[in-house]
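Input: a single structure, listed below in structure tokens.
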Amino acid sequence: MATLSMVSGPVATSSLPFSTRRRASSVSFPAPKKGGLGHGGLKIECIRIGGVEIPNHKRVEYSLQYIHGIGRTRSRQILLDLSFDNKVTKDLSEEEVITLRKEVTKYMIEGDLKRFNRVAIERMKEIRCYKGIRHKLGLPVRGQRTKNNCRTLKGKRAPVAKKKSAGSEE
């Protein structure tokens, strides 16, 4: 049986017993088998749907939410439309994965959705509507108050110089 060896960096030989001074510390692992890694041929596969690799160890309802544009409601709707059970993603058969891919392509997801939103914001900026102006200035768009909060959009506070009192100028 072949083994892989990993040797660590330099070790102070004075601190080691005499019998181990000649060799650096090393660890041996069994060589990977042809079928995969480790014992029993561990095989790691991810299902790719909509240009996104969704996790294998979660249920389909939650795995679909890794795709931008699919939330909890839409993932449940997809499962209802296909009349699938909400089982773990790795347990899906090839036919189920293919039908799931076809169903997901019916929705606007990932790059198309991001592009659509970006174009809509650019259009609002060009026609100079209220929302476009707020986007351009980097302020909240949906009517939030700006006196106290919205530091995420406005950025850090700018220091304001204190006013001098009239009596100190004499």
Side-chain angles (χ1 to χ4, degrees), residues 1-6 8 26-158:
M1 176 169 152
T3 60
L4 295 175
S5 295
M6 182 175 76
S8 67
S26 64
V27 180
S28 295
F29 300 104
K33 297 174 184 170
K34 232 177 187 179
L37 298 174
H39 300 291
L42 175 67
K43 210 161 93 174
I44 301 172
E45 288 182 14
C46 285
I47 297 174
R48 195 167 182 84
I49 297 176
V52 178
E53 290 183 357
I54 61 174
N56 268 343
H57 59 282
K58 296 189 177 187
R59 297 199 174 270
V60 178
E61 178 184 341
Y62 300 107
S63 295
L64 287 176
Q65 293 178 32
Y66 279 71
I67 301 171
H68 181 80
I70 295 181
R72 183 183 297 166
T73 306
R74 187 162 288 169
S75 66
R76 286 181 181 167
Q77 187 62 43
I78 289 171
L79 289 176
L80 282 175
D81 292 345
L82 298 175
S83 64
F84 279 0
D85 293 331
N86 189 17
K87 53 186 172 182
V88 179
T89 309
K90 65 183 174 186
D91 296 338
L92 291 174
S93 67
E94 284 295 321
E95 298 84 31
E96 290 175 326
V97 172
I98 291 169
T99 55
L100 193 60
R101 282 185 185 134
K102 286 180 183 176
E103 185 68 26
V104 167
T105 56
K106 294 178 183 177
Y107 298 99
M108 189 183 296
I109 55 168
E110 285 297 317
D112 296 335
L113 180 61
K114 291 176 184 176
R115 191 176 312 109
F116 177 79
N117 290 337
R118 188 175 60 245
V119 168
I121 291 171
E122 288 300 320
R123 185 182 58 80
M124 285 190 280
K125 287 180 184 178
E126 286 175 15
I127 64 174
R128 301 204 36 89
C129 69
Y130 180 77
K131 285 176 71 173
I133 292 168
R134 301 296 282 183
H135 272 293
K136 201 168 202 170
L137 295 176
L139 293 170
V141 175
R142 297 180 177 178
Q144 297 94 326
R145 294 179 180 266
T146 59
K147 181 176 180 180
N148 295 325
N149 288 328
C150 79
R151 279 289 144 210
T152 304
L153 291 170
K154 287 165 65 172
K156 287 194 171 187
R157 288 187 173 90

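This one's a predicted model, so the numbers in the text were calculated from it and none came from an experiment. Atom set for the values below is all heavy atoms of this structure, side chains included, hydrogens, waters and symmetry mates excluded.
Distance check: Gln77 CD to Ile70 CD1 gives 12.0 Å after rounding to the nearest 0.5 Å. Taking CD1 of Ile49 as the start and OG1 of Thr105 as the end, the distance is 10.5 Å to the nearest 0.5 Å. Atoms OH and CD1, from Tyr107 and Ile78 in turn, are 5.0 Å apart once rounded to the nearest 0.5 Å. Note that CE of Met124 and SG of Cys129 are 6.0 Å apart. Values are rounded to the nearest 0.5 Å. Rounded to the nearest 0.5 Å, atoms CZ (Arg59) and CG (Leu64) are 13.5 Å apart. The CZ atom of Arg48 sits 9.5 Å away from atom CZ of Arg101, with the distance rounded to the nearest 0.5 Å.
By the 4.5 Å heavy-atom criterion applied to side chains, Val60 and Asn86 are counted as neighbours. Using a 4.5 Å heavy-atom threshold, the side chains of Glu122 and Val119 count as separate. Using a 4.5 Å heavy-atom cutoff, the side chains of Val52 and Ile109 are not in contact. Taking the side chain as every heavy atom from C-beta outward, Arg134 and Thr146 approach each other to under 4.5 Å. The shortest distance between side-chain heavy atoms of Lys87 and Glu96 falls below 4.5 Å.
Shown here is Arg157, whose CZ atom has no more than 12 heavy atoms of other residues, nucleotides or ligands within 6.0 Å. By the 6.0 Å contact criterion, CZ on Arg72 is open, its count of non-hydrogen atoms from other residues, nucleotides or ligands being 12 or less. Counting non-hydrogen atoms of neighbouring residues, nucleotides and ligands closer than 6.0 angstrom, the CD atom of Gln144 exceeds 12 such neighbours. Within a 6.0 Å radius of NZ in Lys131, other residues, nucleotides and ligands contribute 12 heavy atoms or fewer.
In this structure, Gly132 and Lys125 approach most closely via the heavy-atom pair O-CG, 3.7 Å. Between Cys46 and Ile54, the shortest heavy-atom distance links the atoms CB-O, 4.3 Å. Here the closest heavy-atom approach between residue Pro55 and residue Ser63 is recorded as O-OG, 3.1 Å.
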